[in-house]
Protein chains: 2
Amino acid sequence: MAVTVQAQSDERLKLERHGLRATRQRLAVLQALATEPNDATAQEIYGCLAKRGEAVGLATVYRTLALLNDHGVVDALAHRPGELCYRLCGEGHHHHLVCAECHRVVELDDCDLDDWLERVAITHAFSISGHTVEVTGICADCR
Amino acid sequence: MAVTVQAQSDERLKLERHGLRATRQRLAVLQALATEPNDATAQEIYGCLAKRGEAVGLATVYRTLALLNDHGVVDALAHRPGELCYRLCGEGHHHHLVCAECHRVVELDDCDLDDWLERVAITHAFSISGHTVEVTGICADCR
DNA sequence: ATAATTGCAAAGCGTTTGCACCCTG
DNA sequence: CAGGGTGCAAACGCTTTGCAATTAT
């Protein structure tokens with residue numbers, strides 16, 4: 001139980017740091033995301049909460065995830081058409097390695113693209129504001 | 001007119017090479033894609049064809065794009081949630097530089113990621129099947 | 001000739017929204 | 001206690017599908 005209590009206050013802090021109200025539903029969504037090692041769709045989180053007996057409306061799950069995404073607490077990945085996947089993310093700049101089979105996601109912390117980006121910016125007269133990299137493959141377990 | 005006729009036979013060949021029937025609708029979709037310098041959604045292509053007086057059903061546009069994607073004639077980009085973008089693509093491997101203002105897309109042919117990817121593959125025991133890079137910025141015209 | 005392709009309209013699916021009620025701060 | 005948050009159900013937008021008519025080979 002101590003673990004759960006600790007986790008709850010962690011999540012509460014995460015919300016308060018961004019000036020967001022700590023409601024039962026938001027804490028539940030954060031906890032579901034913390035449990036889920038991979039990315040999850042809004043629907044999956046909704047189902048996960050329902051199974052645990054945490055009654056949270058589907059609309060609230062969507063609203064909460066959008067809110068958390070706006071505040072940089074979760075990342076939204078669009079690697080599937082017609083569905084957004086959300087994921088509790090580390091702080092720094094990073095990219096994602098996704099398994100095409102099991103959808104496991106690994107965070108890649110080192111990013112060697114800066115030199116390349118600078119060259120691209122000069123060549124095409126763009127001022128670069130951001131970049132996303134998504135690497136797809138099959139993980140060892142699925143092979 | 002000679003240009004159009006030439007383009008038409010180009011498109012016809014593209015279909016026949018894959019064993020696909022060359023219907024008026026498929027040729028029209030290919031021609032719309034050839035005209036469009038950036039990526040386009042099925043809806044946009046539908047609208048574009050309607051404006052030209054080429055009557056093609058929306059369902060047919062979707063079916064045609066899916067078919068062309070299966071045969072590697074077009075690439076599907078999922079950079080927007082809830083919408084698939086299609087794009088007639090060059091042969092080689094490349095990435096996209098997108099202007100956040102005007103949505104202009106520039107193809108980037110040089111990709112220096114191979115070394116990095118190989119390291120990633122080894123470190124995480126993945127067999128890499130693909131990767132996408134999307135660089136966002138503001139182009140010279142919009143600045 | 002005949003099997004594939006198309007158009008239409010209806011259904012499907014994930015997501016968003018309007019509004020009355022509820023709860024946090 | 002005031003204003004944000006929530007739940008419900010209806011609305012939405014993009015995409016897919018069933019089926020009869022059409023068309024390419």
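Only this structure's heavy atoms are used, side chains among them; waters, hydrogens and symmetry mates stay out. This structure is a prediction, so every number in the text was calculated from the model and none was measured.
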Q: Please tell me which of the listed nucleotides, C:dG25, D:dT6, D:dT15, lies nearest to the side chain of A:Thr60?
A: D:dT6
Q.
It should be established whether B:Thr23 places a side-chain nitrogen or oxygen under 4.0 Å from OP1 or OP2 of nucleotide C:dT5.
A. no
Q: Return the nearest nucleotide to the side chain of B:Arg63; candidates are C:dC23, D:dT15, C:dG7.
A: C:dG7
Q) Would you say A:Glu44 and A:Cys48 make side-chain contact, with heavy atoms under 4.5 Å? A) no
Q.
Under a plain distance cut-off of 3.5 Å, with no hydrogens placed, do B:Tyr62 and B:Gln43 share a side-chain donor-acceptor pair?
A. yes
Q.
Measure CG/B:Leu20 against C1'/D:dA24 and give the value in whole Å, please.
A. 13 Å
Q. Rounded to whole angstroms, how far apart are CG on B:Leu15 and C1' on C:dT5?
A. 13 Å
Q: Check whether any side-chain N or O of B:Gln25 sits under 4.0 Å from OP1 or OP2 of D:dT23, and answer yes or no.
A: no
Q: Please report, rounded to the nearest Å, how far the P atom of C:dT6 is from the CG atom of B:Leu27.
A: 10 Å
Q. What nucleotide, of D:dT6, C:dG25, D:dT25, holds the atom closest to the side chain of A:Thr64?
A. D:dT6
Q. Expressed in angstrom and rounded to an integer, what is the separation of B:Tyr46 atom OH from D:dT16 atom P?
A. 16 Å
Q. Between A:Leu65 and A:Val29, is any pair of side-chain heavy atoms under 4.5 Å apart?
A. yes
(Q) Taking 4.0 Å as the cut-off, does a side-chain nitrogen or oxygen of A:Arg21 come that near to OP1 or OP2 on D:dA2? (A) no
Q: Report the distance from atom CG of B:Asp70 to atom C1' of C:dT5, rounded to the nearest whole Å.
A: 16 Å
Q: Could you check A:Leu58 against B:Ala59 and say which one's nearest nucleotide on DNA chain D is further toward the 5' end?
A: A:Leu58
Q: Measure up the A:His71 and A:His18 rings against each other and bin them: parallel (under 30°), tilted (30 to 60°), perpendicular (over 60°).
A: perpendicular
Q. To the nearest Å, how far apart are A:Glu54 CD and D:dT6 P?
A. 12 Å
Q | B:Glu16, CD: over 12 other non-hydrogen atoms inside 6.0 angstrom | A | yes
Q) Rounded to the nearest Å, what distance is computed from the CD atom of residue A:Gln43 to the P atom of nucleotide C:dT16? A) 11 Å
Q: Between B:Ala66 and B:Ala22, just flag the one whose closest nucleotide in DNA chain D comes earlier from the 5' side.
A: B:Ala66
Q: Between D:dT15, C:dG7, D:dG5, spot the one nearest the side chain of A:Arg26, thanks.
A: D:dG5
**Q.** Gap between atoms CD and C1', on A:Glu16 and C:dT24 respectively (whole Å)
**A.** 11 Å
Q.
Checking contacts here: which listed nucleotide (C:dG25, D:dA24, C:dT15) is nearest the side-chain heavy atoms of A:Tyr62?
A. C:dT15
(Q) Of the listed nucleotides (D:dT6, D:dT15, C:dT15), which one gets closest to any side-chain atom of A:Ala42? (A) C:dT15
